[in-house]
Each structure stands twice: as structure tokens, then as C-alpha cells.
**Q** 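If you scroll down you'll find the structure; I have some questions about it.
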Amino acid sequence: MPDRAPQPVDRQLPTDEARDLISLVRDIAQREIAPRAAEEEDAGRFPRELFTLLSESGLLGLPYDAEYGGGEQPYEVYLQVLEELAMARLTVGLGVSVHTLASYALAAFGSKEQRTEHLPAMLGGGLLGAYCLSEPASGSDAASLRTRAVRDGDDWVITGTKAWITHGGVADFCTVMARTGEEGPRGITAFLVPGDAEGLSAAVPEKKMGMKGSPTAQIHFDGVRVPDTRRVGEEGQGFAIALSALDGGRLGIAACAIGLAQAALDEALGYAAERRQFGKPIADFQGLRFMIADMATQIEAGRALYLAAARLRDAGRPYAKQAAMAKLHCTDTAMRVTTDAVQILGGYGYTADFPAERYMREAKVLQIVEGTNQIQRMVIARHLAGPETR
């Protein structure tokens, strides 16, 4: 039986420019990213040169203003670029999402002078960012963070440890949330810290079940001195900035999850068309056909959900509830679809000779990062039923 090549996702894009952009991304994904994905993930190799290529291609600043080197694309388009990248390799798609998240504070809350000085290099100058909110003892309860920044003349001195940092040890800049005042969310301020600042160091990367090519590490701040000109927003505004960034970041995770799920579906479809049992392709058996139908339906529903949330964001309307819903549904979908893909491949799905097992391992982290799915349910419920009684 002839090979069944995956069909490109039929996308409804708003402009010819967006269609050209997706074509560019697909070309880069097929030519530069996908062929090396399995080998480099198995070796735990971070593809820094791919991020340099993406920067040179204008893909690291898509949702930001062209005035500062961004692509000035709507989120609706940016997220579909992420999906295409994640379809080829999750490390790359998620890495672009994290870089975009790390750039958000300065782009949205920085002064004109700060944006002019820093954003061009961040968005199109080859730099790569990290977002530093979580800590060893403050994950879901992010407002209890302990990293502290103390004013010293015109500088701030930052001391503490951040945990679970994507690009830890390889990032060129870090958006850091540190305590500058009272306990709780109102005492937190945001800072833009150079990756090579004196006193900043990264621990050995975590040993993970998936996403081995993407370094995740603790970052230590041992008296790191940054000028007040690198404070982003007002003192005490950092937690509000962090939550605002995470709304957009959760949509990035949702898009990456759908890209991963689509890759798993394509792998399962190709295998089911070629694998023969009892004299016919296993794709002819109703049990598998129903599984494939459910997988495709869940993916389409997730894609529609994240795009609906993106269009709210693009229209300047509130979208936090929809972002939480999209992150919840799309990452749960990725876990279900990748698990079903392994099942369809049977014993072969459990081996590293096929990518299905890697997709399944990678899907799990998406239910955890940028707010666990239990936290997403709390966010959604608060929007619907109001805050919990104390």
C-alpha cells in the first residue's frame, strides 16, 4: 500500500500575508526542524541554531509591534504558527511560546525608552528569553514567591531561586518577578535581567520524562544587581503583569498542544493505512475508525476553542476565562490523542522506533506548565461562580 502523507491543516487565515507566513513556517518545519527532532530529543540536545534561524526569519516576535522589530500579527495568526512548529517538534513550538511570554512584560508595560532600547534585540536580534515566576516552594501559589529585590541607590539587588525555568542556562534575558514590598501579590515587581548578569547562575537541567531537548533548570540570583531602568512597570505591579502574561501564554500552550495532537493523529493515520491484519488495513476496522474519528473531533474542537479566545484578545475584549478553557481542553486533548496513537500502533507504539511514544511523554507536561489543569478549572469556576468563600 502506498505511503499516506499527512495532509496540511486547512486553515482559515485572515490575510494573504498570514497565508504566506504559514507557508514559510511549514517549509522551515519540514526542512529544518522535523528531520532532526527524534535524534536530538533522544540526545537531549537543545537546538539553539533553530531559534537563531527563527529569529532571522521574523518568527520570534510575531504578535508585537513592527516599530520594535515585531511581526505585528494578530494572535489568531501567531498561535497557528506555534501549532505548526509544535507539530514538527514540541521543543521548538513551546520554546517560541516561552520566548513570547518572556518578552510580553516589556512590550506591554515597559516605557517607550525601555522598548526602544531592548525590544529590537529581543524580538529579532537573535536573543532568547526565559520567564521566571515559579520557585521551589511557590508553584501554583505564585503570589507567595520569596525571591527578593532590595533597592540600593539607583539599582536593585535580587536574591533568590527560580524553578522550572524553560531555557534555564541558555536564555539571554530573563523576565523576573521578585518581592520588593509586602507579602502577597501587591508586593511583587517585574525586572528585565540580562542572562549573563553577575551573580546569575543555572543549576544542572532537570531530568525529564519528555521534552528532553528543552532545558528546564533552576536559576539562582546571588545578589544580582540591575539598574532601576530595568524595572518593568510600577513597583508592586509585577504580579498583575505576570497574570496578564500568563493569559496569553496559556493560549500558546493550547496551540502547541493541538500541534502535538495533530502530529500524533497523522502518525496513527499513516500507520493504520499501512498496517495489515486479517487480510486488510487495520484502518478498515470499526473500532480503530471510531478512535480516529474521536481523536480528530477533539483536535478540531480544541483548535476552534483556542482561536475563539485569540480573536477575543485581538478585539481587545476580556479573554482570561476562555484562555483557561483552551489551555485545559487542548492539553487534555493532547494527552488523550497521543495515548490513543500509541494504542493504534500497538507494540510498535511503545518503541522509540516510532514517534508516538515521544508524543505521549511530551503531552503530559502540557497539562502542568503555566498553571496546572486543576488551576485552570479553579480560574474558570471563579469566572462562572465568583471567588471562593473564605
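The structure presented is a predicted model; accordingly, all values stated were derived computationally and were not measured.
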**Q** If the condition is side-chain hydrogen bond (donor to acceptor under 3.5 Å, both in side chains), which residues does T331 pass it with, not counting sequence neighbours?
**A**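 T331 satisfies side-chain hydrogen bond (donor to acceptor under 3.5 Å, both in side chains) with N373 once adjacent residues are dropped.
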**Q** Can you see which heavy atom on G252 is nearest to which on S97, and at what distance?
**A**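 That would be CA-OG, 3.6 Å.
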**Q** Does the ring centre of F46 sit less than 6.0 Å away from the ring centre of H167?
**A** yes
**Q** Atom SG of C174 and atom CD1 of I219: how far apart are they, to the nearest 0.5 Å?
**A**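 The CD1 atom of I219 is 4.0 Å from SG of C174, to the nearest 0.5 Å.
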**Q** Verify the cluster assignment for M295 and L260: are they in a single hydrophobic cluster under the rule of side-chain heavy atoms below 4.5 Å apart?
**A**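 Unlinked, M295 and L260 end up in two clusters.
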**Q** Is any side-chain heavy atom of Y348 closer than 4.5 Å to one of R275?
**A** yes
**Q** For the side chain of Q114 and the backbone of T229, is there at least one donor-acceptor N/O pair under 3.5 Å apart?
**A**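 Confirmed, Q114 side chain pairs with T229 backbone.
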**Q** Decide side chain to side chain contact (heavy atoms under 4.5 Å, CB included) for R250 and Q376; before the verdict, give the C-alpha distance in whole Å, the side-chain angles of both, and the deciding distance to 0.1 Å.
**A** CA-CA 10 Å; R250 286 165 179 166; Q376 304 313 311; 3.3 Å; yes
**Q** Could you tell me whether the side chain of I253 reaches within less than 4.5 Å of the side chain of V369, counting heavy atoms only?
**A** yes
**Q** Could you list the donor-acceptor pairs under 3.5 angstrom formed by side chains in residues 145-153, with sequence neighbours left out?
**A**
residue, atom, partner, partner atom, Å
R146, NH1, E183, OE1, 2.7
T147, OG1, E135, OE2, 2.8
T147, OG1, T161, N, 3.4
R151, NE, G153, O, 2.9
D152, OD2, R225, NH1, 3.0
D152, OD2, R225, NH2, 2.9

**Q** Look up atom CD in Q298 and atom SG in C330, then write down how far apart they are to the nearest 0.5 Å.
**A**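 Separation between the atoms: 11.0 Å.
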**Q** Would you mind reporting whether Y306 and Q322 have side-chain heavy atoms less than 4.5 Å apart?
**A** no
**Q** What pairs of residues pass the salt bridge (charged side-chain N to carboxylate O under 4.0 Å, His left out) test when at least one of them lies in residues 107-123, not counting sequence neighbours?
**A** E67-K112
**Q** Is there side-chain contact between M122 and F173, with heavy atoms separated by less than 4.5 Å?
**A** yes
**Q** Applying salt bridge (charged side-chain N to carboxylate O under 4.0 Å, His left out), can you list everything that pairs with E300, at least two apart in sequence or on another chain?
**A** R303
**Q** Give a yes or no answer on whether the side chain of H220 reaches the backbone of S201 with a donor-acceptor pair at less than 3.5 Å.
**A**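 Pair absent, no side-chain N/O of H220 close to backbone of S201.
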**Q** Without swapping roles, check the side chain of S214 against the backbone of M211 for a donor-acceptor pair under 3.5 Å.
**A** no
**Q** Do S134 and K162 pass the side-chain hydrogen bond (donor to acceptor under 3.5 Å, both in side chains) test, and can you show the C-alpha distance, the side-chain angles, and the key distance before you say yes or no?
**A** CA-CA 6 Å; S134 294; K162 295 295 181 177; over 6 Å; no
**Q** How many angstroms lie between atom OG1 of T372 and atom CG of L366, to the nearest 0.5 angstrom?
**A** 13.0 Å
**Q** Look at R45 together with E39 and state whether they make a salt bridge at an N to O cut-off of under 4.0 Å.
**A** no
**Q** Would R289 and D284 satisfy side chain to side chain contact (heavy atoms under 4.5 Å, CB included), going step by step from the backbone distance to the final call?
**A** CA-CA 7 Å; R289 295 175 79 86; D284 284 355; 4.0 Å; yes
**Q** Could you report the tightest heavy-atom contact between A102 and A130, atom names first, then the distance?
**A**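 Taking every non-hydrogen atom into account, CB-O, 3.4 Å.
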**Q** Given side-chain hydrogen bond (donor to acceptor under 3.5 Å, both in side chains), test R336 with T333 step by step and report yes or no.
**A** CA-CA 5 Å; R336 285 193 298 269; T333 289; 3.3 Å; yes
**Q** Please check this pair: side chain of S244 against backbone of A240, looking for a donor-acceptor N/O pair closer than 3.5 Å.
**A**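 No, the answer is negative, given that no donor and acceptor are paired below the 3.5 Å cut-off.
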**Q** Can you tell me how far the CD atom of Q374 sits from the OG atom of S140, to the nearest 0.5 Å?
**A** 8.5 Å
**Q** Partners of F285 by ring-ring contact (aromatic ring centres under 6.0 Å, His included), sequence neighbours excluded?
**A** none
**Q** Sequence neighbours excluded, which residues qualify as side-chain hydrogen bond (donor to acceptor under 3.5 Å, both in side chains) partners of E17?
**A**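 Result, side-chain hydrogen bond (donor to acceptor under 3.5 Å, both in side chains) vs E17: Q73.
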**Q** Check the side chains of S23 and R26 for a donor-acceptor pair under 3.5 angstrom, ignoring hydrogens and angles.
**A** no
**Q** Would you check if the side chain of E72 reaches a backbone N or O of A66 as a donor-acceptor pair within less than 3.5 Å?
**A**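 Checked: pair present.
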**Q** Between the side chains of E182 and R186, is the shortest nitrogen-to-carboxylate-oxygen separation below 4.0 Å, so that they form an ion pair?
**A** no
**Q** What do the steps show when you test M325 against V379 for side chain to side chain contact (heavy atoms under 4.5 Å, CB included), and what is the final call?
**A** CA-CA 9 Å; M325 288 176 168; V379 170; over 6 Å; no
**Q** Measure the CG-CD distance between D266 and Q7 for me, rounded to the nearest 0.5 Å.
**A**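 It comes to 9.0 Å.
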**Q** When you look at D294 and T297, which way does the side-chain hydrogen bond (donor to acceptor under 3.5 Å, both in side chains) test go after all the steps?
**A** CA-CA 5 Å; D294 286 344; T297 300; 5.4 Å; no
**Q** Just to verify, what does R230 make a salt bridge (charged side-chain N to carboxylate O under 4.0 Å, His left out) with, not counting sequence neighbours?
**A**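 Scan of R230 (salt bridge (charged side-chain N to carboxylate O under 4.0 Å, His left out), adjacent residues dropped) gives none.
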**Q** Is there a side-chain contact between L265 and L269 (heavy atoms, below 4.5 Å)?
**A** yes
**Q** Say whether, by atom type as modelled, one donor and one acceptor occur between the side chain of S57 and the main chain of L53 under 3.5 angstrom.
**A** yes
**Q** Could I get the full list of salt bridge (charged side-chain N to carboxylate O under 4.0 Å, His left out) partners for R89, not counting sequence neighbours?
**A** E40, E41
**Q** Working note: M335 + M360, criterion side chain to side chain contact (heavy atoms under 4.5 Å, CB included); need CA distance, chi angles, decisive distance, verdict.
**A** CA-CA 7 Å; M335 194 72 248; M360 181 179 173; 3.9 Å; yes
**Q** Determine whether the aromatic ring centres of Y104 and Y131 lie less than 6.0 Å apart.
**A** no
**Q** When rounded to the nearest 0.5 angstrom, what distance separates OG1 in T338 from CD in Q343?
**A** 12.0 Å
**Q** Under the salt bridge (charged side-chain N to carboxylate O under 4.0 Å, His left out) test, which residues partner D172, sequence neighbours left out?
**A** R48
**Q** Answer yes or no: is there a side-chain heavy-atom contact under 4.5 Å between Y78 and L251?
**A**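 A side-chain contact is absent here, since even the closest heavy-atom pair is not under 4.5 Å.
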**Q** Hey, are the side chains of L21 and L59 touching, using non-hydrogen atoms and a 4.5 Å cut-off?
**A**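 A side-chain contact under 4.5 Å exists here.
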**Q** Suppose we screen for side-chain hydrogen bond (donor to acceptor under 3.5 Å, both in side chains). Which residues come up paired with E388, at least two apart in sequence or across chains?
**A**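 For E388 the side-chain hydrogen bond (donor to acceptor under 3.5 Å, both in side chains) partners, ignoring immediate neighbours, are R382.
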**Q** Mind checking side-chain hydrogen bond (donor to acceptor under 3.5 Å, both in side chains) for T189 and listing every partner two or more places apart, or none if nothing turns up?
**A**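 side-chain hydrogen bond (donor to acceptor under 3.5 Å, both in side chains) check on T189 returns T180.
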**Q** For G210, is there any backbone N or O sitting under 3.5 Å from a side-chain donor or acceptor partner on K364?
**A**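 Looks like no, no N/O pair under 3.5 Å.
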**Q** Enumerate donor-acceptor pairs with a distance under 3.5 Å from any side-chain N or O in residues 314-321 to protein atoms, sequence neighbours excluded.
**A**
residue, atom, partner, partner atom, Å
D314, OD1, Y75, N, 2.7
D314, OD2, Y75, N, 3.2
D314, OD2, E76, N, 3.1
Y319, OH, G248, N, 3.3
Y319, OH, R313, NE, 3.0

